[in-house]
Amino acid sequence: MSSEKDITVVHVMRHGEVANPEGVLYGRLPGYHLSDLGRRMAERVAEHLASRDVTRVVASPLERAQETATPIAKAHGLDLGTDARLIEAENVFQGKTFGVGDGALRRPENWKHLVNPFRPSWGEPYVDQVVRMTGALEAARDAARGHEAVLVSHQLPIWIVRSYVERRRLWHDPRKRQCTLASLTTFTYEGDRIVSVGYSEPARDLVPVHLLAGAKPVKGQPGQGKAFGA
């Protein structure tokens, strides 16, 4: 039973760097694992959270999220849970190279998918992402009532649910998302109500400069400027 005085903290973490030499938008494709650097990021965040009162760790079913969450769960002696609602956003460009500044927007074959950036027309509607991510947050809050939980998800769903909670429009410039690799977007609940949202980057020194939140696209950098999440 909840109390208005219960303080519950839910950290939503973006996974670490992925081994992706081809620079494709991997989306929900299987077989994309953390790179060596990504594993270091995961360990860094596990160390950062080791002293916290974490009683629940849950990840998206995709390998990169599971691998990121594993050291966190291990540090707290917890079994790792899986919640399909934390999965990456569905995208028609999955498996293709499609990034900001790579000329993809000038290709006629892509235009039919770009007619409505407000929905968006190239993938899972923003509203659907809000619904599932909110459900995952509330489930974690209830399971960790009075303590802390860690959820590991993906850039776009994390940014969309944060935008919703902070009452910003859901459509946005992908280059301006504040959701760097291995970052923590932290929702603090009083009872069932979110009272604050925080953001931190415990592994910031490990993140390549061109992949930090707000970095300008650098032509030729693998994985830079992906427009639709990761």
Side-chain angles (χ1 to χ4, degrees), residues 9-83 86-89 97 99 136 140 148-159 162 174-175 177-187 198-218 220-226 228-230:
V9 177
V10 181
H11 306 280
V12 188
M13 180 182 176
R14 184 183 172 193
H15 61 78
E17 186 191 60
V18 176
N20 181 21
E22 298 85 11
V24 303
L25 182 71
Y26 33 76
R28 296 181 176 181
L29 292 173
Y32 283 87
H33 298 267
L34 293 183
S35 64
D36 289 342
L37 179 59
R39 286 189 284 273
R40 287 171 59 200
M41 292 177 181
E43 292 288 350
R44 171 69 64 79
V45 179
E47 292 169 5
H48 174 77
L49 294 171
S51 63
R52 305 295 295 246
D53 183 24
V54 175
T55 61
R56 179 80 170 152
V57 181
V58 183
S60 152
L62 296 174
E63 292 100 331
R64 58 192 185 271
Q66 294 277 316
E67 292 164 1
T68 299
T70 294
I72 300 171
K74 184 177 178 181
H76 293 276
L78 299 170
D79 292 330
L80 174 59
T82 300
D83 190 333
L86 297 171
I87 200 167
E88 175 63 286
T97 55
E148 300 188 24
V150 179
L151 308 182
V152 179
S153 186
H154 308 268
Q155 185 190 61
L156 180 54
I158 297 171
W159 181 247
R162 177 181 171 183
R175 296 166 297 184
R177 295 173 190 155
Q178 188 183 43
C179 192
T180 293
L181 290 166
S183 62
L184 296 172
T185 300
T186 300
F187 300 86
Y199 177 79
S200 60
E201 298 175 355
R204 182 180 176 87
D205 62 303
L206 298 177
V207 180
V209 173
H210 69 281
L211 293 179
L212 290 169
K216 293 181 180 179
V218 178
Q221 287 280 9
Q224 167 61 30
K226 291 295 180 222
F228 305 103

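These numbers come from a predicted model, not from an experiment. Keep in mind that the numbers below use all heavy atoms, side chains included, and drop hydrogens, waters and symmetry copies.
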**OP:** Mind checking side chain to side chain contact (heavy atoms under 4.5 Å, CB included) for P71 and listing every partner two or more places apart, or none if nothing turns up?
**Re:** A42, E43, A46
**OP:** Output all residues satisfying side chain to side chain contact (heavy atoms under 4.5 Å, CB included) with P208, sequence neighbours left out; order by chain, then residue number.
**Re:** E17, L37, M41, H210, L211
Subject >> Donor-acceptor contact present, side-chain S153 to main-chain L86, <3.5 Å >> reply: yes
**OP:** Check each of E63, E88, R64, Q66 against H15 using the side chain to side chain contact (heavy atoms under 4.5 Å, CB included) test, and report the only one that passes.
**Re:** R64
Original post:
Taking atom CG of L62 and atom NE2 of H154, what is their separation to the nearest 0.5 Å?
Top reply: 4.5 Å
Original post:
How far apart are the closest heavy atoms of P61 and D83, and which atoms are they?
Top reply: CD-O, 3.7 Å
Original post:
Could you state the interatomic distance from CG (D53) to NE2 (H76), rounded to the nearest 0.5 Å?
Top reply: 9.0 Å
Original post:
Considering residues at least two apart in sequence or located in another chain, which fulfil the side chain to side chain donor-acceptor pair (under 3.5 Å) criterion with E201?
Top reply: T180, Y199, R204
Original post:
Partners of Y32 by ring-ring contact (aromatic ring centres under 6.0 Å, His included), sequence neighbours excluded?
Top reply: Y26
**OP:** Work out which heavy atom in L80 is nearest to a heavy atom in A69; give both atom names and the distance.
**Re:** CD1-CB, 3.5 Å
Original post:
Nearest heavy-atom pair of V57 and V54: which atoms, and what distance?
Top reply: CG2-CG1, 3.8 Å
Original post:
Do any N or O atoms from the side chain of H33 and from the backbone of E67 form a donor-acceptor pair under 3.5 angstrom?
Top reply: no
Subject >> Given M13, H11, R162, the one that forms side chain to side chain contact (heavy atoms under 4.5 Å, CB included) with T185 >> reply: R162
Original post:
Sequence neighbours excluded, which residues qualify as side chain to side chain donor-acceptor pair (under 3.5 Å) partners of D79?
Top reply: none
Original post:
Where do V45 and V150 land on the side-chain contact (heavy atoms from CB on, under 4.5 Å) test, with the steps shown first?
Top reply: CA-CA 11 Å; V45 179; V150 179; over 6 Å; no
Subject >> Qualifying residues under side chain to side chain donor-acceptor pair (under 3.5 Å), relative to S183, sequence neighbours excluded >> reply: none
**OP:** Provide the closest heavy-atom pair for R177 versus W159 in the form atom of the first, atom of the second, distance.
**Re:** CG-CD1, 3.5 Å
Original post:
Of the non-hydrogen atoms in L78 and T55, which two are nearest, and what is the gap between them?
Top reply: CD1-C, 3.5 Å
**OP:** Locate the shortest heavy-atom distance separating L184 from P202; write the atom from each residue and the value.
**Re:** CD1-CG, 3.8 Å
